[in-house]
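In what follows, a structure is listed as structure tokens, so that the remarks can point back to it.
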2 protein chains.
Amino acid sequence: MSAEERSAARGSRRAGHGRETQRAERRAVILEAAMQLIAERGYRRTSLAAVAERAGLTQQGLLHHFPTKELLLIGVLEARDRWDAAAAASGSWRTGTLAQLVEYNAARPGIVQAYTVLSADSVTEEHPARDFFEARFRAVREALAAALRAEFGDALPGGLTPERAAPLLVAVMDGLQLQWLLDPEEVDMPASFRDFLTLLGTGAAGEAEPGPGAGEGDREE
Amino acid sequence: MSAEERSAARGSRRAGHGRETQRAERRAVILEAAMQLIAERGYRRTSLAAVAERAGLTQQGLLHHFPTKELLLIGVLEARDRWDAAAAASGSWRTGTLAQLVEYNAARPGIVQAYTVLSADSVTEEHPARDFFEARFRAVREALAAALRAEFGDALPGGLTPERAAPLLVAVMDGLQLQWLLDPEEVDMPASFRDFLTLLGTGAAGEAEPGPGAGEGDREE
DNA sequence: GTCTATAGATTGATAGAC
DNA sequence: GTCTATCAATCTATAGAC
């Protein structure tokens, strides 16, 4: 009975799926639970027991998949980068894509919160994610500068070089996220980001004020 | 003997200084230690015992001045706002003042780190500093917008209204701090901020490119 | 007002049965 | 691969002597 219950709880083994797949699914469930909790409470206040409970196993079962809390954190960060692949991995960035990404983030406060809390937490001494974020920010700035250079050449319409615009773009995105998380009613993150693109001169300045009565484009539903 | 030792350890009571002053000095020492440690390790990883040790008293002595860890945190935040009064309290903001503030911050990574870690930490659930930062960001945006309006009227040279520029200014400052803390060699925070002021059209655009060979002004020594 | 002592809870991690 | 049981450390906070 208990064996059947456990088997059922894990989901019936589908044909053609080997143990590798099951293992990966289990890890994915754990990582999802960990990301949710880190977003809710921060990394340090998130206990392994709480993650395990939400993932539907015991703390010790969790430690079988991620031997330490630090390795679990790194797993979460890598998963977020995978999820975020459109922004971090491919070199095919354009400013329009960035505006879409901000739009996308504005609908997912949990993930944004996990990222905001973790990235700021990582500046503390000997934080396990410090190297990760340092490398990530550098890579993002470089990829962004390269993409801007490919699109606009040596200078953006606003006058900045791509290399000087890149850290500002990243800063605006992160800074707006913080204000928006604290006060979503007051801060219109996508609109503010479009304002910044307009300043840079890379934004679709025409689209910034689409005019009233247009029946297409911005509809949500 | 022990009474004399204790009296000596606290510093001899100077004439004209009452108990109130001693108490305030004691509190200031504790707050300084707490801010240092929060900057180094974050709020949650900072134990009361560690703060007490650095402040030169026991954990229980500390709890006499700040009955809970949360009240200590609030004390630190209020002290930072007092220290930061030039930026947060007075309504006499101008963009030149902001550039100076960024410059000033660039020389004080400890305080910037405490602020960055705490503000991001505060977005987590039921964080004791959440209300503080929500109110603070709102007040800063409003004061900034009012100052910009007084200086430039309904629209900045770059085209934005003061109310739309304000959250971007705050975002750039916070976002640059994060990147700079992680990688001070790579990120020139004051220069990037001046780039942003140039975009806004409020910056001293002439100073932005002083030209090579100038013997004055930007020297670091 | 500061101390010693300790309560009371939670944490990350290990050992070993099944 | 997941479980039960448990450890050792650490934390915030309280009680009471001096």
Side-chain angles (χ1 to χ4, degrees), chain A residues 1-13 17-30 33-34 37-38 41-76 126-128, chain B residues 1-13 17-30 33-34 37-38 41-76 126-128:
Chain A
M1 181 102 74
S2 71
E4 295 170 41
E5 273 178 359
R6 258 184 281 137
S7 183
R10 287 179 208 151
S12 59
R13 191 181 293 178
H17 279 197
R19 292 180 186 86
E20 296 294 312
T21 304
Q22 286 198 343
R23 218 176 82 107
E25 284 171 4
R26 199 69 150 142
R27 283 176 60 103
V29 170
I30 292 170
L37 281 165
I38 288 174
R41 316 163 48 113
Y43 168 62
R44 301 199 207 276
R45 239 196 336 183
T46 296
S47 70
L48 292 175
V51 174
E53 185 188 11
R54 188 166 299 192
L57 75 169
T58 64
Q59 183 214 152
Q60 296 73 13
L62 188 159
L63 283 173
H64 171 74
H65 294 277
F66 299 93
T68 70
K69 193 187 182 187
E70 183 173 330
L71 286 171
L72 175 61
L73 171 64
I74 291 171
V76 168
E126 310 225 358
H127 193 285
Chain B
M1 179 103 72
S2 70
E4 297 171 40
E5 273 178 359
R6 256 183 283 138
S7 184
R10 286 180 210 150
S12 59
R13 191 180 294 177
H17 279 200
R19 292 181 187 84
E20 295 295 312
T21 304
Q22 286 198 343
R23 219 177 81 106
E25 283 171 5
R26 198 67 150 144
R27 284 176 60 101
V29 169
I30 292 171
L37 281 164
I38 288 174
R41 318 167 42 117
Y43 168 62
R44 300 201 207 275
R45 235 192 344 180
T46 296
S47 70
L48 293 175
V51 174
E53 185 188 11
R54 187 166 299 192
L57 73 169
T58 64
Q59 183 215 151
Q60 296 74 13
L62 189 160
L63 283 173
H64 171 74
H65 295 276
F66 299 94
T68 70
K69 192 186 181 187
E70 183 173 330
L71 286 170
L72 175 61
L73 172 64
I74 291 169
V76 168
E126 310 224 1
H127 194 285

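Letters A, B, ... are given to chains in the order of the sequence lines, protein chains preceding strands, and every chain is numbered from 1. Just so we're clear, the structure is a prediction, and the values are computed from it rather than from any experiment.
For C:dT10, the OP1/OP2 oxygens have no side-chain nitrogen or oxygen of A:Ser47 closer than 4.0 Å.
B:His65 meets the side-chain hydrogen bond (donor to acceptor under 3.5 Å, both in side chains) test with no other residue; sequence neighbours excluded.
Whole-Å rounding puts the B:His64 NE2 to D:dA15 P distance at 16 Å. Going from atom CG of B:Leu37 over to atom C1' of D:dC11 covers 15 Å, rounded to whole Å. If you take CZ of A:Phe66 and P of D:dT2, they are 12 Å apart, rounded to a whole angstrom. In this entry the distance linking CG of A:Leu71 with P of C:dG12 reads 14 Å, nearest Å. Atom CG of A:Leu72 is separated from atom P of C:dA13 by 10 Å (rounded to the nearest Å). Rounded to an integer number of Å, the gap from CD of A:Glu25 to P of D:dT2 is 12 Å. Atom CD of B:Glu53 and atom C1' of D:dT12 are 17 Å apart (whole Å). Rounded to an integer number of Å, the gap from B:Arg45 CZ to D:dC11 P is 11 Å.
Of the possible polar contacts, none joining the B:Thr46 side chain to the B:Arg41 backbone as a donor-acceptor pair under 3.5 Å is found. In terms of modelled atom types and a separation under 3.5 Å, the side chain of B:Lys69 and the main chain of B:Tyr43 share a donor-acceptor contact.
Within the nucleic acid shown, A:Leu63 comes within 4.0 Å of at least one base atom, counting heavy atoms only.
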Enumerate donor-acceptor pairs with a distance under 3.5 Å from any side-chain N or O in residues 55-63 of chain A to protein atoms, sequence neighbours excluded.
{"from": "A:Thr58", "atom 1": "OG1", "to": "A:Gly61", "atom 2": "N", "distance (Å)": "3.1"}

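Taking the side chain as every heavy atom from C-beta outward, A:Leu72 and A:Ile30 approach each other to under 4.5 Å. Looking only at side-chain heavy atoms (C-beta outward), A:Leu73 and A:His127 come within less than 4.5 Å of each other.
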N/O-N/O pairs, protein side and nucleotides 3-5 of chain C side, under 3.5 Å:
{"from": "C:dC3", "atom 1": "OP2", "to": "B:Thr58", "atom 2": "N", "distance (Å)": "2.9"}
{"from": "C:dC3", "atom 1": "OP2", "to": "B:Thr58", "atom 2": "OG1", "distance (Å)": "2.6"}
{"from": "C:dA5", "atom 1": "N6", "to": "B:Gln60", "atom 2": "NE2", "distance (Å)": "2.6"}

